[in-house]
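To start, the structure under review is shown below, and the notes come after it.
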Amino acid sequence: LSLAPDGDALRVLVCSPLTTPKPLPDLAPCANAKTYSAEQRLESCTLLLRQTLSDEPRSAVYFNRGNALLELSRFDQARSDYGHAIDLMPGSAQAYVNRGIANRNMGNDRKAIEDYGAAIHLQPANAKAYSNRAAAEFDLRLNSEALRDFSHSIRLDPSNAGVFVNRAIVFDSLGRSDEAFRDYSRAIQLDHKRAAAYNGRCYALLQLHKAKAALEDCRAATHLAPRSASAWDSQGYSYLVLRQPHAAIQSFDTALGLSPGLPSSLFGRGIAKLRLGLPEGADDIHHARTLDPTIAARFEEMGTPGMP
């Protein structure tokens, strides 16, 4: 499981009126993500930057071009534009948040944490700065810090289902399945169509030895996200625990069709095939171990019945 940047991190930087008779440039094509594509906004912002602009509108243009670049996964260029925006308007907390997202996408979690910290210094009630910093901390296995920041984000904004899911993932990684279950359940209450919450709660229930309830959640996850290999993988494991090898193989097959070479699905399918007396199950297990030498230990830690 991995943590994604908190949902609505990208925001349009709105310029306040300037005390100058020169009219502000039209930022709409550069800033309006609802009407214009990322490519259109990138082109519009680039044209605006060729004009002579004062610091505040120029900062806004850099910020919005950074958003377009981030959407296009051009993270290095996005980071550079957010840096220009910050240089011109160092009080913009959102520019620091978005630069943090760019840094994290480039694998630079420590720089991301610095950016989120700067945003929090400027705007202590910025819930998304806390949740994004927590995700970067989790990447670095700073679990205590991640739990602290996710909890702070929840106190500031208890309506964000995604943050409950992310905190639950941290609890899961620490073996605190009861707390993970509660967070996944709260996320589902807030957003009953969030597949990741059902999939995560399925996993937590499996750790709590409640396989039948887990299967119900996994079925909900695959219904909501039929293209999610992770959800089908979890469903396959639920069937495996319930000793339904035929159903397990079907779920693992679907997962592998979506994500070929997924070690957990290969290993689980191998176990299910061996239970049915199919010798090719050994091939799946061997392939899984080649891809991930720790896979057998992980299944043993989960108490998988019928381990070969």
Side-chain angles (χ1 to χ4, degrees), residues 1-3 138 143 147 150 161-162 164-189 191-256 258-259 262-276 281 284-285 288-289 291-292 294-308:
L1 294 172
S2 60
L3 307 189
F138 182 71
N143 293 326
L147 282 177
F150 278 135
F164 279 100
V165 169
N166 284 349
R167 188 173 70 172
I169 291 171
V170 182
F171 282 134
D172 264 334
S173 73
L174 296 171
R176 294 162 64 175
S177 300
D178 283 319
E179 291 160 290
F181 172 81
R182 285 195 292 271
D183 270 1
Y184 287 128
S185 297
R186 181 57 182 149
I188 290 167
Q189 289 174 350
D191 181 2
H192 68 280
K193 293 186 177 181
R194 187 170 288 264
Y198 286 102
N199 188 29
R201 193 170 70 174
C202 169
Y203 180 81
L205 284 165
L206 286 167
Q207 302 307 302
L208 295 169
H209 308 292
K210 297 178 180 179
K212 289 184 179 180
L215 180 58
E216 291 181 11
D217 275 348
C218 280
R219 284 173 172 166
T222 55
H223 174 73
L224 290 167
R227 302 290 300 170
S228 169
S230 174
W232 287 104
D233 181 65
S234 297
Q235 181 170 293
Y237 186 76
S238 299
Y239 280 124
L240 198 63
V241 172
L242 291 168
R243 299 184 181 276
Q244 298 182 41
H246 289 289
I249 289 170
Q250 289 179 348
S251 293
F252 287 133
D253 280 346
T254 304
L256 290 164
L258 294 165
S259 180
L262 184 63
S264 53
S265 286
L266 282 167
F267 197 87
R269 188 176 69 177
I271 294 174
K273 285 180 177 179
L274 290 176
R275 286 184 188 173
L276 293 171
D284 277 346
I285 288 173
R289 282 177 161 151
L291 293 168
D292 180 1
T294 70
I295 190 67
R298 285 165 49 201
F299 269 67
E300 287 174 2
E301 286 172 4
M302 291 189 289
T304 309
M307 280 282 291

Met302 vs Leu206 side-chain heavy atoms within contact, under 4.5 Å: no

Heavy-atom side-chain contact between Leu174 and Leu147 under 4.5 Å: yes

Looking only at heavy atoms, which two atoms of [X] and [Y] are closest? And how far apart?
X	Y	result
Tyr184	Ala196	CE2-O, 4.4 Å
Ala255	Ser265	CB-OG, 3.3 Å
Pro263	Leu291	CG-CB, 4.0 Å
Asp172	Gly200	OD2-O, 4.2 Å
Leu276	Pro245	CD2-CG, 3.7 Å
Lys273	Gly281	CB-CA, 3.7 Å

Quick one: list whatever passes salt bridge (charged side-chain N to carboxylate O under 4.0 Å, His left out) with [X], sequence neighbours left out.
X	result
Arg219	none
Asp183	Arg167
Arg176	Glu179
Arg194	Asp191

Using 0.5 Å steps for rounding, measure from the [atom1] atom of [X] to the [atom2] atom of [Y].
X	Y	atom1	atom2	result
Arg227	Thr254	CZ	OG1	10.5 Å
Gln235	Thr222	CD	OG1	4.0 Å
Phe267	Leu240	CZ	CG	9.5 Å
Phe150	Phe138	CZ	CZ	8.0 Å
Tyr239	Leu215	OH	CG	4.5 Å
Ile271	Ile249	CD1	CD1	11.0 Å

Whether Phe299 and Tyr237 hold their rings parallel, tilted or perpendicular, with breakpoints at 30° and 60°: perpendicular

Of all pairs that satisfy salt bridge (charged side-chain N to carboxylate O under 4.0 Å, His left out), the ones with a partner from residues 198-217, not counting sequence neighbours: Arg201-Asp217

Can you list everything that forms a side-chain hydrogen bond (donor to acceptor under 3.5 Å, both in side chains) with [X]? Sequence neighbours excluded, please.
X	answer
Arg298	Asp292
Glu301	none
Ser238	none
Asn143	none

Intermediate values then yes/no, side-chain contact (heavy atoms from CB on, under 4.5 Å), Ser177 and Phe181: CA-CA 6 Å; Ser177 300; Phe181 172 81; over 6 Å; no

Non-neighbouring partners of Ala221 that pass side-chain contact (heavy atoms from CB on, under 4.5 Å), sequence neighbours left out: Tyr198, Asn199, Ala231

Sequence neighbours excluded, every pair satisfying disulfide bond (SG atoms under 2.5 Å apart) that has a member inside residues 210-252: Cys202-Cys218

